Amino acid sequence: MVVTFKVTGGEQGEWAVLQVSGELDLVTSPVLRQRVHDMVAEGHHCLVLDLSEVFFCDSSGVGVLIAARRLIRSCQGRLRLVLPARGAADGSHVNRVLGALGVRRLFDVYGDVDAALGDEGEPLSA
């Protein structure tokens with residue numbers, strides 16, 4: 001089985017949305033890191049990372065998420081993660097990893113992209 005990693009992006013109003021799918025690990029995390037940096041360099045300071053199709057995340061992937069949070073905050077921007085309780089395959093692996101490491105509380109987490117883009121929706125609790 002060949003696993004492909006993809007990062008696709010677009011804009012929805014003031015938000016830039018990056019959809020990530022596959023494994024977020026030592027090999028693929030630099031791709032996401034670069035895409036986040038590119039979005040910020042293009043002037044996008046409101047970013048949604050849709051991680052609902054990421055079925056594996058290791059410490060390097062978590063490092064990229066924390067670095068993205070730091071970068072966006074340095075620009076007075078906003079970062080929101082999409083991590084559905086029932087995401088890729090059998091529940092969001094990223095959600096479980098962030099929770100196990102005690103860093104999920106650092107992020108505004110939403111159940112889907114529509115909720116993340118809305119102003120009235122509240123993040124899911126940690």
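Nothing here was measured: the structure is a model prediction, and the numbers come from that model.
How far CG of Leu65 is from CZ of Arg33: 9.5 Å, rounded to the nearest 0.5 Å. Atom CG of residue Asp25 and atom CZ of residue Phe5 lie 8.0 Å apart, to the nearest 0.5 angstrom. In this structure, CG in Asp108 is found 9.5 Å from CZ in Arg78, a value given to the nearest 0.5 Å.
By the side-chain hydrogen bond (donor to acceptor under 3.5 Å, both in side chains) test, Arg70 pairs with no residue at all, sequence neighbours left out.
Between Met39 and Ala16, the closest heavy-atom pair is CE-CB, 3.2 Å. Residues Arg80 and Gly118 share a closest heavy-atom pair of NH1-O, 3.1 Å. Here the closest non-hydrogen pair linking Ala115 and Asp112 is N-OD1, 2.7 Å.
Counting heavy atoms from C-beta outward, Leu24 and Val94 have side chains that stay 4.5 Å or more apart. Glu11 places a side-chain heavy atom less than 4.5 Å from the side chain of His44.
No donor-acceptor distance shorter than 3.5 angstrom exists from the side chain of Arg35 to the backbone of Leu18, with no hydrogens or angles considered. A donor-acceptor pair under 3.5 Å is formed between the side chain of Thr28 and the backbone N or O of Glu23.
Just one residue in the list Ile72, Leu81, Val40 forms a side chain to side chain contact (heavy atoms under 4.5 Å, CB included) with Leu47, and that residue is Ile72.
Counting side-chain heavy-atom gaps under 4.5 Å among Ile, Leu, Val, Met, Phe, Trp and Tyr, the cluster of Val17 also holds Trp15, Val48, Val82, Val113, Leu117.
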Please report the C-alpha distance between Leu32 and Leu49 in whole Å, then the side-chain angles of each, then the deciding distance to 0.1 Å, and finally whether the side chain to side chain contact (heavy atoms under 4.5 Å, CB included) criterion is met.
-> CA-CA 10 Å; Leu32 180 57; Leu49 293 179; 4.3 Å; yes
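Residues Leu79 and Leu101 fall within the same hydrophobic cluster, defined by Ile, Leu, Val, Met, Phe, Trp and Tyr side chains chained together at heavy-atom separations under 4.5 Å.
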